[in-house]
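Everything on this sheet refers to the single structure shown next.
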Amino acid sequence: MGISALPQLRRYQTAMTSLFSELNPEQLAAITLPPQSALILAGAGSGKTRVLTTRIAYLIQSGQANPHQILAVTFTNKAAKEMLVRISAMLPINLRNLWIGTFHGICHRMLRMHYLDAGLLQNFQILDSADQLALIKRIQKILAVDEKRFPPRQVQWFINNAKESGLRAAFVISDDAYSRRMQEIYHAYEQQCQKESAVDFAELLLRCYELLSRNEILRQHYCERFSHVLIDEFQDTNSLQYRWLKLLAGIGRPDAAAVFAVGDDDQSIYSFRGACVSNMVDYEREFGIAKVIKLEQNYRSHGHILEAANELIRNNPQRLGKNLWTSEGKGEPLRIYGAVNDHEETAFVVEEIKSLHVSGIALSEIALLYRSNAQSRILEHGLFNAGIPYRVYGGMRFFDRQEIKHALAYLRLIANPNDDSALLRVINFPTRGIGARSLEQLQDDAKESGASLWHTAMQKSGGETVLAHDLSKPLRGIAGFVRLILAMQQACQTLPLPQIIEHILEHSELLAFYGKERDGAERLENLNELINAATSFVHETDDDSLTEFLAHASLEAGEHQAGSGQEALQLMTVHAAKGLEFHSVFLSGLEEGLFPHENSINEINGLAEERRLMYVAMTRARRRLYLSFAHNRMLHGQIRYNVASRFISEIPQNCIKWLKQSFSNSAHENESRKSIFSQSFTGNQQGFSSNHDSWKIGQNVLHAKFGAGVIINCEGSGSDARVQINFAQSGSKWLLLEYAKLTKA
DNA sequence: GTCAAGTCGATTTTT
DNA sequence: TCGACTTGAC
């Protein structure tokens with residue numbers, strides 16, 4: 001090394017030292033691994049993102065790779081963005097050539113670059129789930145498929161599943177009438193997508209996979225380019241994504257990339273949408289991972305919380321094995337509250353949040369979690385009445401709003417007139433006198449000629465000759481619509497992106513329409529926000545192509561949530577809480593049937609996934625964790641009787657502080673219980689006797705073989721008297737009272 | 001084309 | 001129970 005390199009070396013060493021400060025030995029080992037494929041088992045709160053980002057910074061800083069050679073894959077846009085921000089903070093260099101993105105984002109990027117090889121048009125559009133569903137419905141109508149026998153959602157599920165298994169319609173196995181019909185729909189869907197130049201989410205992955213597997217030159221190119229591939233949340237990959245990775249990384253080739261996979265099998269909670277935890281084991285074997293690095297030191301939670309979570313997850317079979325620990329103390333015990341009903345549970349949560357807030361904990365540092373969205377209503381109700389500001393996560397996203405979808409449909413039509421879906425969405429919105437009759441006629445004509453709706457509509461209106469683009473007159477009927485779109489297309493050729501949107505909003509009369517609507521103010525605001533979104537898109541990406549903006553809108557439906565950053569209590573499902581942390585966490589509705597959810601009990605490995613979900617929920621808490629349940633709860637308009645979740649009994653007693661045992665003998669509680677039953681069961685069998693014991697619905701009982709349970713139903717009398725009992729361990733059963741030998745618990 | 005009544009279904013969800 | 005969605009009447 002020459003003298004001139006010395007200052008650089010010194011600078012490099014200083015940079016490295018600061019990069020590595022305060023890392024634990026395992027983190028450091030992971031970050032500085034030699035360039036070979038690795039698996040990092042990163043427990044909750046173990047500094048996973050830090051390891052991932054520091055690894056990238058290290059590779060670049062140490063000269064092992066330049067940004068151009070690195071590919072980092074995440075699951076959400078949020079994670080990708082955060083990674084980029086953190087790397088930028090570590091490295092004061094231009095990261096333009098560093099590819100960071102979601103699987104879908106990266107596949108999309110490749111497809112745009114190689115659209116010809118991928119068999120796509122340059123202006124191909126991306127269908128989000130709602131677009132996809134609409135298209136499927138349309139196709140079912142054309143094929144005259146009974147929507148009762150073939151619910152569009154199931155068809156959608158079928159198609160996406162096939163694609164995620166790498167199967168085109170032609171290769172789907174169909175050995176009965178039902179699956180043959182499914183295949184038929186899938187086939188027609190494939191054709192229609194190609195005709196409209198539309199690509200759904202699963203298609204992005206499958207096309208890209210096929211592109212790489214078919215095109216040796218391209219694959220060679222990317223194998224040579226990416227010497228390092230880093231993957232976040234590896235436990236959430238589906239099988240197609242894993243196959244794509246094997247292809248891209250060039251597994252088995254001499255120039256194979258070093259894959260750095262980070263994941264946690266205990267936090268795999270998305271198998272219901274195709275995630276394949278077994279990918280981790282396959283990966284270990286197929287990529288020849290010599291040593292798995294485990295990050296087990298937790299920087300988030302206090303001891304009791306970790307111990308409880310560890311003990312819980314130990315009940316799962318087939319784990320890769322991992323135990324979180326902390327250098328912090330035991331901290332507070334978990335607080336458990338057993339309520340009689342959902343109202344009492346809510347009252348408890350509300351009171352406790354109030355006092356936490358009074359004691360100085362910011363509301364935004366408190367999370368109220370639940371297993372299913374239906375649970376939020378009663379909680380929201382209680383919070384609202386108590387005047388506690390809260391924010392519910394999930395739900396409608398910016399680009400999913402109907403006014404935004406309408407505006408985007410006009411834009412899509414301008415970018416790609418063959419987009420039948422977009423045309424159908426706006427041809428009569430706002431209404432311009434095109435009824436079902438003329439629409440049907442248009443669709444029939446299009447079907448006959450095999451042309452797109454747009455093409456057909458244009459011919460009907462007399463071709464392009466008629467078109468004096470006069471926007472000053474009202475544009476009615478199909479001919480009017482055609483003139484409108486043509487005029488828009490022409491105007492948009494010269495305008496920059498934000499002005500294009502302004503233009504279409506104005507001339508489509510969307511603004512006028514929502515201006516007249518009763519509660520159109522918010523929609524107008526959102527439409528205005530769409531212009532802002534376009535402005536910042538152009539600003540951030542230096543790209544003002546309409547097609548790119550539309551792709552952005554489909555791929556990043558989120559992040560545009562209003563009202564974020566406010567000081568408010570955080571309400572969300574456990575799934576939505578993954579990756580987040582809070583000072584205090586309330587976990588509500590811990591009942592058999594709800595959490596673990598009854599539907600999951602019958603699924604293969606369903607219970608294990610529920611337990612992982614519970615594990616994820618618990619490890620969100622830094623200092624304080626509340627668990628609560630209610631013995632009876634209103635669900636789907638009926639009162640349901642439940643026992644406490646088995647997960648509570650899997651937590652060691654020494655970690656727990658019971659704030660209130662359910663059904664203790666206090667007179668007050670018995671009173672409140674009675675009143676509830678008499679209220680909700682007027683007209684029903686209220687109770688009956690046998691062996692001078694009276695058994696009531698809601699009674700906690702013990703059975704010699706099945707253990708603890710709750711009576712949830714009863715019928716018959718005398719020696720025929722039977723009770724239905726929901727047992728904690730074995731689910732609900734009907735038992736003859738005479739033989740059941742029940743005791744009150 | 002709009003509104004009201006009727007039906008149906010109800011874990012979890014990102015891209 | 002409640003909401004989304006479809007159907008039928010003007």
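We name chains A, B, ... by the order of the sequence lines, and we start the count at 1 in each one. No hydrogens, no waters, no symmetry mates; every other heavy atom, side chains included, goes into these values. Keep in mind it's a predicted model, so treat the numbers as computed, not measured.
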Do any side-chain nitrogens or oxygens of R397(A) fall under 4.0 Å of OP1 or OP2 in dT14(B)? yes

Any N77(A) side-chain N or O less than 4.0 Å from OP1/OP2 of dT15(B): yes

Side-chain donor-acceptor pair present, [X], [Y], cut-off under 3.5 Å:
X: T49(A); Y: R86(A); value: no
X: S376(A); Y: E380(A); value: yes
X: N315(A); Y: E650(A); value: yes
X: N526(A); Y: E403(A); value: yes
X: E196(A); Y: Q125(A); value: no

Along DNA chain B (nearest heavy atom to each residue), the more 5'-positioned of I269(A) and G433(A): G433(A)

Tell me which of F201(A) and S372(A) sits closer to the 5' end of DNA chain B, going by the nucleotide each one is nearest to. S372(A)

Atom-to-atom span, [atom1] of [X] to [atom2] of [N] - whole angstrom:
X: L111(A); N: dT15(B); atom1: CG; atom2: C1'; answer: 14 Å
X: N373(A); N: dT13(B); atom1: CG; atom2: P; answer: 5 Å
X: R611(A); N: dT11(B); atom1: CZ; atom2: P; answer: 21 Å
X: Y393(A); N: dT13(B); atom1: OH; atom2: P; answer: 14 Å
X: F103(A); N: dT15(B); atom1: CZ; atom2: C1'; answer: 12 Å
X: K578(A); N: dT15(B); atom1: NZ; atom2: P; answer: 12 Å
X: L613(A); N: dT11(B); atom1: CG; atom2: P; answer: 14 Å
X: L204(A); N: dT14(B); atom1: CG; atom2: P; answer: 17 Å

Under the criteria of a ring-centre distance below 5.5 Å and an interplanar angle below 30°, is H104(A) stacked with the base of dT15(B)? no

Does the aromatic ring of F272(A) sit over the six-membered base ring of dT12(B), closer than 5.5 Å centre to centre and tilted less than 30°? yes

Over 60° means perpendicular and under 30° means parallel, so classify the ring planes of F201(A) and H104(A), tilted if in between. perpendicular

Tell me what [X] touches on the nucleic acid: a base, only sugar-phosphate, or nothing, going by heavy atoms under 4.0 Å.
X: E203(A); value: nothing
X: S129(A); value: base
X: E147(A); value: nothing

Taking dT11(B) as the reference, what is the distance to dT6(C) when you measure between their C1' atoms (whole Å, please)? 25 Å

Closest to the H575(A) side chain, choosing from dG1(B), dT15(B), dT13(B): dT13(B)

Counting side-chain heavy atoms from CB outward, which of dT15(B), dT11(B), dG1(B) is closest to L555(A)? dT15(B)

Take atom CD of Q402(A) as the centre, draw a 6.0 Å sphere, and report whether it contains more than 12 heavy atoms from other residues, nucleotides or ligands. yes

Going 5' to 3' along DNA chain C, which are the first and last nucleotides with any atom under 4.0 Å from a heavy atom of chain A? dT1(C) to dC2(C)

Would you sort out whether E210(A) and R168(A) count as a salt bridge (charged side-chain N to carboxylate O under 4.0 Å, His left out), showing the intermediate values? CA-CA 11 Å; E210(A) 288 173 344; R168(A) 291 288 172 195; 2.9 Å; yes

